[in-house]
Peer 1: 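To start, I am sharing the structure in question, which I have written as C-alpha cells.
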Number of protein chains: 2
Amino acid sequence: MARPATIADVAARAGVSPATVSRVMNGTRAVDQEMTERVRAAAAALDYSPSPLARSLVLGRTNTVAVVVPDLGNPTFHGVLRGLSHAAARNGYHVLVADSAESVTAELALAQQTRRRCDGLVLVAPRMPETDLAQLLRTLQPMVVVNREPVGEHASPVVTADYRLGLTELLELLYADGHRSLAYLAGAPQSASNTRRLAALEEFGATHPDLAVEIRPCGVNFVDGHDAAGPLVRSGVTGVLAFNDLVAMGLVSALGEAGVAVPAAMSVVGFDDIPFARYVTPPLTTAAVPVTELGELAWQGMWDLLSGGPPRRTVVLSPQVVRRGSTGPAARSRPETADGP
Amino acid sequence: MARPATIADVAARAGVSPATVSRVMNGTRAVDQEMTERVRAAAAALDYSPSPLARSLVLGRTNTVAVVVPDLGNPTFHGVLRGLSHAAARNGYHVLVADSAESVTAELALAQQTRRRCDGLVLVAPRMPETDLAQLLRTLQPMVVVNREPVGEHASPVVTADYRLGLTELLELLYADGHRSLAYLAGAPQSASNTRRLAALEEFGATHPDLAVEIRPCGVNFVDGHDAAGPLVRSGVTGVLAFNDLVAMGLVSALGEAGVAVPAAMSVVGFDDIPFARYVTPPLTTAAVPVTELGELAWQGMWDLLSGGPPRRTVVLSPQVVRRGSTGPAARSRPETADGP
DNA sequence: TTGTAAGCGTTATCAG
DNA sequence: CTGATAACGCTTACAA
C-alpha cells in the first residue's frame, strides 16, 4: 500500500549516496565493507528492491520477451509457450504473452505493440501474410519465428517442425498398410504448415502413381472433423489424413456414431500428438510434434540474439510418427458396404 | 535496427517542443490545428511511437498485469489464462505470465518479482502456504486470488469455483444411482480445492449414514489414476470420484485394461470437464469448472481495483455437473467377481 | 573508494 | 495554446 522505497530512501537511511546503493545492489564495483553492510541493512529495513522499470529505461533492457500466438486455447501453442517460458526463466527472463485471437488483421499491430515493451519477440503466426511478416522481420529485431519459414532474407532464427516430412511418413505408413485411396482433410489454406503438408502430398503422389489422394477443405477443430465424416464415407477412401489430432478425433467420433469401424473399415491419422491423442478410443496414430522443445529452442535462438551471439540458424525438428490403434490394413471392401448384405 | 525515434526527434523535425508532441500523441490538450498536422507528419515520417517504458515510469502505470500459475501445462490454468488474457486485452492491458513449475518454494519470490513489473497480480497458487499467501496479500496489492479463499482479512477479490458444491452434486448423482460404497481419489493434500472436496465428503457422509466413502491418496495426473486401479478393484467399491478428469481418465483406461467395464461394473466421475473429457470412451461424467469465465472474472476484479473502483467482492462460480457415459446404476455384484462364475 | 550530476524518454506543472 | 522545467527511479561517467 505504502509507496515502495526508492534508492534515495535507502541512501538517506544508510547515510550514503544513491550511487553507492546502486553499486552495492548490483555488485558493480567494490564498496567499503562497512558501508556495504549499512546499505544492506537499510535496504532490508525498507524492504527495498530496485524498480525494474527505471532500470529498464536506463539500461535499455527489460529482461522480458514477447510471445505472440494465434490462440492460447490450442494445445500446440500452449506447449510452445510452456517450453519457452521455462527456458526463459532459467536465464532470468520474463514472458509477455499476447493472444491474437486468430485475428490475422490485428496480429501485425499486436506484434508491434507488444514488442515495444520487451527486448525481443517470438512470433507464432502461421497465417500472417508474407508481406506483413517481412515487415516485422525488418523492424522488430531481435525476433524469432516459430513454425513457418519466411521467404527472403532476414536476420531471424527460425524454429519449426518439418510438417512435410511428418506427413510423408504418415503417407508411407498408410501406403505400407495397403491403402491406395486416401483423403486429406486440409486446414487453413493460408497456413504455413498446411502448405508444407500439401507439398508432401504432391511429392508422394508423384512417386506413387497407384495412390489416389483427394484433398478436402476441412478445418482445424474437432467439429470440423466430425462434420467431414459423411462425405468421406461416401467417397469410398480407406484412409484419412486429418490436418491435426483434433480433426482426427472429431472424425473418429463421427465414424463411430455412423457405425464405421476404425481402423477395420477406415484408418485415420492425426498430426501433432496432443496430450490426449493416446487416450482416445482407438488411440490415435499421429506424427508427434515436439512442441515443448520447439519453445525451448525458440528461447535458445532468442537468447543467442540477445547475447549478441553467433549467426542465425534455422532449426527444423522432425515429427515422430507414432503408430497407435487408429490405423490398420486397408479395408477390402469400401466402407459404405458395411451395412450391405 | 536503428535506434527508435524519440519524442525529441519528432519535436525537432516538427519544429515544436516535446511537450506539444506529447499532447498531440495523447490528445491530452487542444493543440493548434496546423501544429498538430506537422507533428503527425513528423511522427509518421520517423515511425515514432512513444516508449511504453518511459511512459510507465512517469505515469506510474505499466498497463500490464502479472499472472502466476503453478503449471502452464495444466488445462485448468491454461483456460484461466486464456480468459484473462482476452479480457485484459479488451481494456488495453498486457499479460506477463509466470509459471512456478509447481515449485511451492519458489512461488513466493516469483510472485514478488513478477509483480514489480506490473500494475497488479493475479495469483493462482492452490498449494501456497497460507502464511506466504497472507504476506503477498499484504504487500502486493492490487491483487486477485483465483481458486482458493485466503483465511483472514484482506483487500483482494477472490474468484473461485465451488469445489465443495461440485463434489456434493457428484455424490448425489452417484447416490441416486444406487451407489453406497465409493472411493475418493485425493489430489495434493495441501491444495485448496482438495480441502473443499474433503469437506463435501464429510458433510455428505454425515447426512447419508448408509453411504461409505473411503479416501485414498492418489495424485493429479493420468498415471496416478492409472496406478490407482488395482487396489480400487480389490476394494469392492462400485463408484469412484477422481480428483480431476485426468485422474479419472487414467483410471478408466486402467480399468479397461483390467477388464472391468465402465460403467457396468464400476462408475467413475472426474472433475473440471477439460476439453477432452467428452471425447474419451466412455465420455466422462464430471463437474464442469468454467475456467475461461474464471479468468474473465479475475480480470474483472483486477480492473475494478485498477480503476480505483468498488469494494472487494468474492465471486464463486458453481461447477456444472454433466452426466455422460462413465456413470450408471451401481453394479449388483462387486467388481472382483466379474471374472467369477 | 565515494559522491555529484547527467541522462534514459516521457508527462505534468506552471509560466508566458 | 505553447514551451521550459522538473520529476519518475535508476545507472554511470566523471570528478574528488
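Residue numbering restarts at 1 for every chain, and letters A, B, ... go by the order of the sequence lines.
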Peer 1: Does any part of the side chain of A:Phe77, heavy atoms only, come nearer than 4.5 Å to the side chain of A:Val291, both counted from C-beta?
Peer 2: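 With C-beta onward as the side chain, the pair stays apart.
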Peer 1: I want to verify a distance call: between C:dA12, D:dG9, C:dT4, whose nearest atom is closest to the A:Leu57 side chain?
Peer 2: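 Given the options C:dA12, D:dG9, C:dT4, the side chain of A:Leu57 is closest to D:dG9.
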Peer 1: Distance check needed: C:dA12 P versus B:Met25 CE, whole Å only.
Peer 2: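 To the nearest whole Å, that distance equals 14 Å.
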Peer 1: Between C:dG9 atom P and A:Arg55 atom CZ, what is the distance in whole Å?
Peer 2: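 In whole Å, C:dG9 P and A:Arg55 CZ are 17 Å from each other.
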Peer 1: Of the nucleotides C:dG9, D:dG9, D:dA4, which has the atom closest to the B:Val58 side chain?
Peer 2: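 When the side chain of B:Val58 is considered, C:dG9 is the closest of C:dG9, D:dG9, D:dA4.
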Peer 1: Let's see if you can work this out: which of C:dC14, C:dG3, D:dC10 has an atom nearest to the side-chain heavy atoms of A:Ala19?
Peer 2: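 Closest nucleotide among those given: C:dG3.
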Peer 1: Between B:Asp9 and B:Arg3, does any NZ, NE, NH1 or NH2 come within less than 4.0 Å of an OD or OE carboxylate oxygen?
Peer 2: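 Salt bridge between B:Arg3 and B:Asp9, a charged N being under 4.0 Å from a carboxylate O: yes.
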Peer 1: Measure CZ/B:Arg61 against P/C:dT10 and give the value in whole Å, please.
Peer 2: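 Result: 15 Å.
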Peer 1: Side-chain donor-acceptor pair under 3.5 Å between A:Asn63 and A:His94, yes or no?
Peer 2: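 A:Asn63 vs A:His94: no donor-acceptor pair found between side chains.
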Peer 1: With distance as the sole criterion, do the side chain of A:Arg23 and the base of C:dG3 form a donor-acceptor contact below 3.5 Å?
Peer 2: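 By the distance-only test, yes, there is a pair.
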Peer 1: Taking OP1 and OP2 of C:dG9, is either one under 4.0 Å from a side-chain nitrogen or oxygen of B:Ser51?
Peer 2: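 The answer is no; no side-chain N or O of B:Ser51 sits under 4.0 Å from OP1 or OP2.
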Peer 1: Using whole Å, what does the distance between atom P of nucleotide C:dT10 and atom CG of B:Leu59 come to?
Peer 2: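 The distance from CG of B:Leu59 to P of C:dT10 comes to 12 Å, rounded to the nearest Å.
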Peer 1: In whole angstrom, give the distance that lies between atom CD1 of B:Ile7 and atom P of D:dA4.
Peer 2: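 Spelled out: CD1 on B:Ile7 to P on D:dA4 is 13 Å.
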Peer 1: Is A:Thr20 near enough to C:dT2 that one of its side-chain N or O atoms lies under 4.0 angstrom from OP1 or OP2?
Peer 2: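 Negative; the distance criterion is not met.
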Peer 1: Where the side chain of A:Asp32 is defined as all heavy atoms beyond and including C-beta, which of C:dT10, C:dC14, C:dT2 is the nearest nucleotide?
Peer 2: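 The closest nucleotide is C:dT2.
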Peer 1: Expressed as a whole number of angstroms, how long is the span from B:Gln33:CD to D:dT2:C1'?
Peer 2: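 The distance from CD of B:Gln33 to C1' of D:dT2 comes to 16 Å, rounded to the nearest Å.
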Peer 1: I want to check one thing: is the phosphate of C:dT4, taken as OP1 and OP2, less than 4.0 Å away from some side-chain N or O of A:Ser17?
Peer 2: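 Looking at the OP1 and OP2 atoms of C:dT4, neither is under 4.0 Å from any side-chain N or O of A:Ser17.
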Peer 1: Round to a whole Å and report the spacing from CZ of B:Arg38 to C1' of D:dG3.
Peer 2: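 That distance rounds to 13 Å.
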Peer 1: Does the side chain of B:Ser22 get closer than 4.0 angstrom to OP1 or OP2 of C:dT11 through an N or O atom?
Peer 2: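 Yes, such a contact exists.
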Peer 1: Run the salt-bridge test on B:Arg148 and B:Glu130 with the 4.0 Å N-O cut-off and return the result as yes or no.
Peer 2: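 B:Glu130 and B:Arg148: salt-bridged.
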Peer 1: Hey, are B:Glu153 and B:Arg138 close enough for a salt bridge, meaning a charged N less than 4.0 Å from a carboxylate O?
Peer 2: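 Between B:Arg138 and B:Glu153 there is no salt bridge, as every charged N stays at least 4.0 Å from the carboxylate O atoms.
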Peer 1: Quick check on DNA chain C: between A:Val31 and B:Asn26, whose nearest nucleotide comes earlier from the 5' end?
Peer 2: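 Taking each residue's closest nucleotide, the earlier one in sequence belongs to A:Val31.
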Peer 1: Base, sugar-phosphate, or nothing for B:Ala30, non-hydrogen atoms under 4.0 angstrom?
Peer 2: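 Sugar-phosphate: the residue B:Ala30, judged by heavy atoms under 4.0 Å, touches backbone atoms but no base.
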Peer 1: Rounding to an integer number of Å, can you tell me how far A:Arg117 CZ sits from C:dG9 C1'?
Peer 2: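 One finds 14 Å between C1' of C:dG9 and CZ of A:Arg117, rounded.
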Peer 1: So A:Tyr93 and A:Trp303, would you call those rings parallel, tilted or perpendicular, with 30° and 60° as cut-offs?
Peer 2: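 A:Tyr93 and A:Trp303: perpendicular rings.
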Peer 1: For B:Arg29 and A:Thr6, take the nucleotide of DNA chain D holding the closest heavy atom to each; which residue's nucleotide lies nearer the 5' end?
Peer 2: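 Result: B:Arg29.
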Peer 1: Measure from the side chain of A:Thr28, starting at C-beta and using heavy atoms only, and say which of C:dG3, D:dT12, C:dT13 lies closest.
Peer 2: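 Ranking C:dG3, D:dT12, C:dT13 by closest atom to the A:Thr28 side chain puts D:dT12 first.
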